[in-house]
Amino acid sequence: MDTYTVNHETALKLDNSDPLKSYRKLFYIPKDTIYLDGNSLGLLSKPAEESLLKTISEWKNLGINGWFYGNPDWWHYGEYFGELMAPLVGAKAREVIATGTTTLNLHTLVSAFFQPSGERNKILADELNFPTDIYALESQIKLKGLSPDKHLVFVPSLDGRMLDEQQIIDYMNSDIALVLLPSVLYRSGQLLDIEKLTQAAHARGIPIGFDCSHSVGVVPHKLHEWEVDFAIWCSYKYLNSGPGGTAFLFIHEKHFDMEPGLSGWFGYVKSKQFDMLLNFEHEKHAGGWQISSSNILCSASLEGSLKMFHEVGIEKIREKSIKLTDYLIYLADEILVKKGFTIGTPRVPQHRSGHVALEHEKADKINQELMKRNVITDFRKPNIIRIAPIALYNTYNEVWQTIKIIEAIIDE
Ligand SMILES: *Cc1c(COP(=O)(O)O)cnc(C)c1O
């Protein structure tokens, strides 16, 4: 981190030598705006727009025949995008499917993987997880006739920001039937060691799933090799599919025989789906976990978007993302810490994802002032401003400008 200096030229130099700089012009950046919220909703790119418009014209010109003659044909949409997605998360093609929504996918997976039996009848989660995951776990526990008060165990956080991996492992006791964790904590941006946690869970005979909404598209994964049992993630954050974009799920091939938790006709063995038989027979891969007809218009943008990720490669994206957040942390240390800010994100790059959490007692007010100046970040209660410089479309200059604007807001 000591390679930077506090001046504008450094930012311009970093931009000049940025190997990914040509991608920015492929994105629609809101006018006169510094957009640093791609961890909540990624921006539209021209390739994503083109593939979405292509699909709309298929609907226009083919009507129902789009299911068979669209390109790709709509009937295999989930599988097609699963295959495109798989290399970005280190999975085999058939282990990933584009389907449904994040929370819904969590429901179907947990309803199958949470099999309380005897003493082993609890789910282990953490107290910093995104609330929707906890709501889903609570309702899955209730559906099994159990009570969340007794059957949902939370690993506490020592400082309200981070989790300690060893402590998580210490909670994996003989009463735990399933572990569900986020890959990245949505407030602090801490990236957990998925491989280590998976090994520890398996050594204790516990299946483990991860919500990778805040790591996919910015951090490389090896879900297959790490033997993660299942994972879910959304596509509208770092993958830039647009609001309401179709989500993904991963299920390790060793579980392909497992009966999906919530069945539907799109999970039926594809070759027999239109036999319209009444006994459910699931496809023996991730496709079997689909429930309904694919969300064609909510998936179409992914074609253009994912192709960019393939062109650049997730390693290069990670490299630039780390450099952007390093630079942000450096400037915050030099300029903002003396103005009452604390950095709430791990400083070691391997332990964080794509955003930085700046903490300040007046974070809410500061974030509102940033909005007035067309700088889009987000505020998370009680005291966090999250800033996500995105590798494909943000610049070092924007990071510099943002820190200087925050400094000016405080000085006022
Ligand atoms: C964004 C996010 C979600 C979103 O859930 P939806 O069902 O897509 O609304 C879920 N979990 C985590 C950890 C997230 O960051």
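In each ligand, atom 1 is the first atom listed, and ligand 1 is the first ligand listed.
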### Task
With heavy atoms under 4.0 Å as the rule, classify the contact between Thr103 and ligand 1 as side chain, backbone, both or neither.
both
### Query
Of all the atoms in ligand 1, which lie at a distance below 4.0 Å from a heavy atom belonging to Lys237?
1 (C), 2 (C), 3 (C), 14 (C), 15 (O)
### Summary
Any heavy atom of Tyr186 under 4.0 Å from ligand 1? The part involved is neither
### Query
In terms of atom number and element, which parts of ligand 1 are under 4.0 angstrom from non-hydrogen atoms of His214?
15 (O)
### Query
Are any side-chain N or O atoms of Asn367 and backbone N or O atoms of Ala363, one a donor and one an acceptor, separated by less than 3.5 Å?
no
### Message
Could you check whether any side-chain N or O of Lys372 sits under 3.5 Å from a backbone N or O of Gln368, counting only pairs where one atom can act as donor and the other as acceptor?
### Response
no
#### Entry: Salt-bridge present (Glu407, Lys404; N to O < 4.0 Å)
yes
### Message
Is the ring pair Phe113/Phe230 parallel, tilted or perpendicular, if the boundaries are 30 and 60 degrees?
### Response
tilted
### Task
On the 0 to 90° scale, with breaks at 30° and 60°, tag the His252-His255 ring pair as parallel, tilted or perpendicular.
perpendicular
### Task
Look at the rings of His355 and His214 and say which category their plane angle falls in: under 30° parallel, 30 to 60° tilted, over 60° perpendicular.
perpendicular
### Summary
Here the atoms of ligand 1 under 4.0 Å from any heavy atom belonging to Ser213 are 2 (C), 11 (N), 12 (C), 14 (C), 15 (O)
### Task
Provide, to 0.1 Å, the distance between atom 4 (C) of ligand 1 and the closest protein heavy atom, together with that atom's residue and name.
Tyr236 OH, 3.0 Å
### Task
Have a look at ligand 1 and work out which part of Asp133, if any, has a heavy atom under 4.0 Å from it: side chain, backbone, both or neither.
side chain
### Task
May I ask you to decide whether Lys316 forms a salt bridge with Glu319, counting only side-chain N to carboxylate O separations under 4.0 Å?
no
## Note on the structure
In this structure, atom 11 (N) of ligand 1 is nearest to the protein heavy atom Asp211 OD2, 2.7 Å
### Query
Can you tell me the protein heavy atom closest to atom 10 (C) of ligand 1 and the distance?
Thr132 CG2, 3.5 Å
